[in-house]
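Okay, so here's the structure we're looking at.
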Amino acid sequence: MRWSKAFIPTMKEDPAEAEMQSHQLMLRSGMIRQLTAGVYEYLPLGWRVFLKVMQIVREEMNRAGAQELFLPALAPAEIWQESGRWDDFGDEMFRVKDRKKRDFALCPTHEEIITDLARAKLRSYRDLPQNWYQMQVKFRDEPRPRSGVLRVRHFIMKDAYSMDRDQAGLDVSYQAMYDAYHRIFSRCGIKFFVVGASSGLMGGSGSQEFMVASPSGEDSCAVCPACGYAANLEVAQSKLQSPAYPEAQLTEVSTPEKRTVEEVCGFLKVPASQLIKSLLYMADGQPVFALVRGDDELNESKLQTALGSGNFRPATPEEVLKITQANVGFISPVGIDGIKVLADLALQGARGMVSGANKDHHHLSGINLARDIKVEKYADLRMVKAEEPCIKCGQPLVVTQAIELGHVFKLGTKYSQALKAHFVDEDGSEKPLVMGSYGIGIERVAACIIEQSHDQSGIIWPLSVAPYQVVISQLGGSGTESAKVSESLYNELQDARFEVLLDDREERPGFKFKDADLTGIPIRINVGEKSLREGLVEIKQRRDGQVFKVRPEEVRRKIQELTSVEMWPLKQQ
RNA sequence: CGGGGUGUGGCGCAGUUGGUAGCGCGCUUGCUUUGGGAGCAAGAAGCCCCCAGUUCGAGUCUGGGCACCCCGACCA
């Protein structure tokens, strides 16, 4: 490509809307443009990068035995109603009507569509296993798009779905995807880590997320530097011991205007760990108490797992009053019958505890969980905090912010049962497909590469995803020796199958250097009259600024040498 | 959905006590320049987010919308 003909609208100044480096640099380098909140146009330079990422994903998916297909982004409501997610997705799903007023969804994900395909065409265990994937635009009406291309309402996802005859088969399919993801992110030059994760709305028996550490990340992960344990805080556990308090009589104490844990502790002179936070939720229309220790925070994703339903919310102050006869800050399950109680594991066997008396301005002390509260289930409900001992090895945990790049799920039979995607097994019995689903956010991959690989001048692309591998900065005007040499190098390198951008614009050298650095093209060839007088051109690496002066006829070989080092690394992650 | 902020040439911004708009970058033309975002000169380009209202007169004041950004809530 000749830069003089290219559409690469670079900007000298940072656009006001961008906070993150990757967002700023994508805008400044002319990769993307925002159309409206959470919706971006992908301009030629950006699209080339996304295509490179997609090609790496494609190669590794194919290598892992998955087959690419392409599903509709538009799907009728009925199929979503079959799985129940027409309602579960709520406002996050974009919905449209056709001319006959029939409801459609712009798909936020494709489990239902793939399962529908599978049930129509997969009839026998002989057809299994299968793994189908696509790279497709997903629509999600995020309540708050942000951080450029990281959280958007319209994005490209590689989503793959495996279909197996049993759990053992799923384990194999899942592992293949897990390995493929390692290769994909390694080839993209990303430093990442893997965490155990929550399955959320997807359902299923287990999942892991591929994460990139970043202060701008929206996920928090607990990581153990000692043993390598890593988990999203949504599911992270620790080996925290609860202090034991002496058995005591259940006593009502006056606590005027003392509502918060801090106020009550200060007033009664007890540690926060001696309190029980009694949180009232409404789950599927029914009140539920969720209990955690006073110094703990409730983890709502763990609550979701414990409840087995995503349809819950904190009770309103009015509901609290109606159900407990007291206001928020003075409630507990003690003495209230007929309401389901879930308690955190840290409260198991606890005694001598303090919580609300269900009477305004009063608390109860001496609560013994076993004696005074009918706990239906003890479950892990608390949020892990930094410095707590690792669940595996006991060493202190670190909590780090991270961006989720990919997610692998063992779905099991949730969708195949809901949509009746059955096959006939070897013994003649009909069984639901055992499924897995595996996603990668394409734009996020590119954004994370920039986050991890840039400097003050701009992006530093790894060769594997660079929009062009080489930029020739032709420093003299047309008709000069520089132009002649540039032109011939341009042709020669393209014949050698390099992707080359020839900067033949009528601009001064400094201007071209700035643009070359900003756009992050890994190798720049400076063709200037100055060095040509010595019969040389300069090859400059973006990454480390290293310069090689070579004769024009040596350029191709030198670049082949430089690129082979990076394109075929000896060490795989 | 709660809190905060911003809407003025393509981009970044200024705009006084209300008097129909300016700066830098970019763009066009010409001359000079040519190894890290050049200089000079001459130009083009703005429904001042929208709708009402106050006023002789509104970018500016009042009311109501809308959009976008940030923090939180939310989020495979």
Side-chain angles (χ1 to χ4, degrees), chain A residues 9-20 23-24 27-28 30 33-39 85 88-93 107-112 138-148 150-153 155 157-161 197-204 207-210 216-219 232 234 300-301 304 310 312-314 404-411 414-415 436-441 444 456-458 473-477 480 482 503 505-519 524 526-533 537-538 540 545 547:
Chain A
T10 58
M11 283 180 282
K12 190 155 45 168
E13 291 171 282
D14 273 328
E17 77 240 31
E19 298 274 304
M20 283 183 76
H23 189 194
Q24 290 177 0
L27 290 167
R28 281 191 58 207
R33 194 186 78 104
Q34 182 174 331
L35 176 63
T36 184
V39 180
R85 291 208 295 182
D88 289 350
F89 262 106
D91 288 337
E92 199 176 330
M93 185 142 81
C107 295
T109 173
H110 281 79
E111 282 78 13
E112 280 78 358
K138 307 293 184 199
F139 298 88
R140 293 185 188 180
D141 195 357
E142 296 290 344
R144 191 183 150 210
R146 72 186 99 177
S147 308
L150 277 187
R151 181 146 219 92
V152 281
R153 299 195 292 173
F155 62 98
M157 182 157 106
K158 185 286 299 177
D159 49 323
Y161 306 88
S198 156
S199 307
L201 258 187
M202 306 291 293
S207 78
Q208 286 166 295
E209 290 168 329
F210 287 73
S216 315
E218 297 180 297
D219 289 277
N232 195 307
E234 291 172 348
E300 287 200 347
S301 28
Q304 174 174 337
F312 66 89
R313 58 171 173 82
E404 175 190 349
L405 282 186
H407 205 154
V408 289
F409 288 92
K410 291 184 181 176
L411 290 176
K414 169 172 172 167
Y415 297 94
S437 106
Y438 318 92
I440 292 178
R444 280 188 179 187
Q456 290 221 311
S457 304
S473 294
Q474 173 193 316
L475 302 181
T480 60
S482 162
D503 196 349
R505 295 175 295 178
E506 297 293 332
E507 293 288 354
R508 299 156 60 86
F511 187 95
K512 297 189 178 190
F513 296 155
K514 291 290 186 189
D515 261 358
D517 287 350
L518 177 60
T519 52
R524 186 174 90 210
N526 292 335
V527 185
E529 303 294 331
K530 196 180 285 178
S531 42
L532 278 178
R533 259 178 255 131
V537 300
E538 293 159 7
K540 185 166 186 179
V547 176

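Naming convention: chains lettered A, B, ... in sequence-line order (proteins, then strands); numbering from 1 in each chain. As the structure is a prediction and not an experimental result, all values here were calculated from the model.
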Taking any strand in view, what nucleotide pairs with [N] in a Watson-Crick or G-U wobble way, both distances under 3.5 Å?
N	value
B:A52	B:U62
B:C13	B:G22
B:G43	B:C27
B:A38	B:U32
B:C74	none
B:C68	B:G5

If I pick the [atom1] atom on [M] and the same atom on [N], what distance separates them, to the nearest angstrom?
N	M	atom1	value
B:G59	B:G22	C1'	12 Å
B:C51	B:U6	P	22 Å
B:U54	B:U60	C1'	13 Å
B:G63	B:G4	P	15 Å
B:G10	B:G53	P	29 Å
B:C27	B:U20	C1'	26 Å
B:C70	B:A45	P	35 Å
B:A58	B:U16	C1'	15 Å

May I have the distance from [X] (atom [atom1]) to [N] (atom [atom2]), rounded to whole angstrom?
X	N	atom1	atom2	result
A:R144	B:G72	CZ	P	7 Å
A:E300	B:G72	CD	C1'	14 Å
A:R151	B:C69	CZ	C1'	17 Å
A:M11	B:G10	CE	C1'	10 Å
A:R146	B:A67	CZ	C1'	19 Å
A:D14	B:C70	CG	C1'	16 Å
A:L27	B:G12	CG	C1'	13 Å
A:D515	B:G37	CG	P	12 Å

For [X] and [Y], work out which heavy atoms get closest and say how close.
X	Y	result
A:A18	A:L27	CB-CD1, 3.9 Å
A:M20	A:S147	SD-CB, 3.5 Å
A:R444	A:E404	NH1-O, 2.7 Å
A:L475	A:P509	CD2-CB, 3.9 Å

Within the 4.0 Å heavy-atom criterion, would you say [X] contacts the bases, only the backbone, or no part of the nucleic acid?
X	answer
A:R28	base
A:R153	nothing
A:E209	nothing
A:D91	nothing
A:E17	sugar-phosphate

Check if the side chain of [X] and the base of [N] share a donor-acceptor pair of N or O atoms closer than 3.5 Å.
X	N	value
A:K540	B:G36	yes
A:E13	B:G26	no
A:S531	B:G35	yes

For this session: Please state whether the phosphate of B:C68, meaning OP1 or OP2, lies under 4.0 angstrom from any side-chain nitrogen or oxygen of A:T36.
Result: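 Result: yes.
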Problem set entry | Derivation of the side-chain contact (heavy atoms from CB on, under 4.5 Å) call for A:R153 and A:T36 | CA-CA 10 Å; A:R153 299 195 292 173; A:T36 184; 4.3 Å; yes
Problem set entry | Nearest-nucleotide 5' precedence on RNA chain B, A:G510 against A:G406 |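 That would be A:G510.
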Exercise. Looking at A:E111 and A:R85, does any basic side-chain N land under 4.0 Å from a carboxylate oxygen?
Worked result: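 Yes, this pair counts.
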Problem set entry | Candidate pair A:L532 and A:V527, rule side-chain contact (heavy atoms from CB on, under 4.5 Å), full reasoning | CA-CA 7 Å; A:L532 278 178; A:V527 185; 4.0 Å; yes
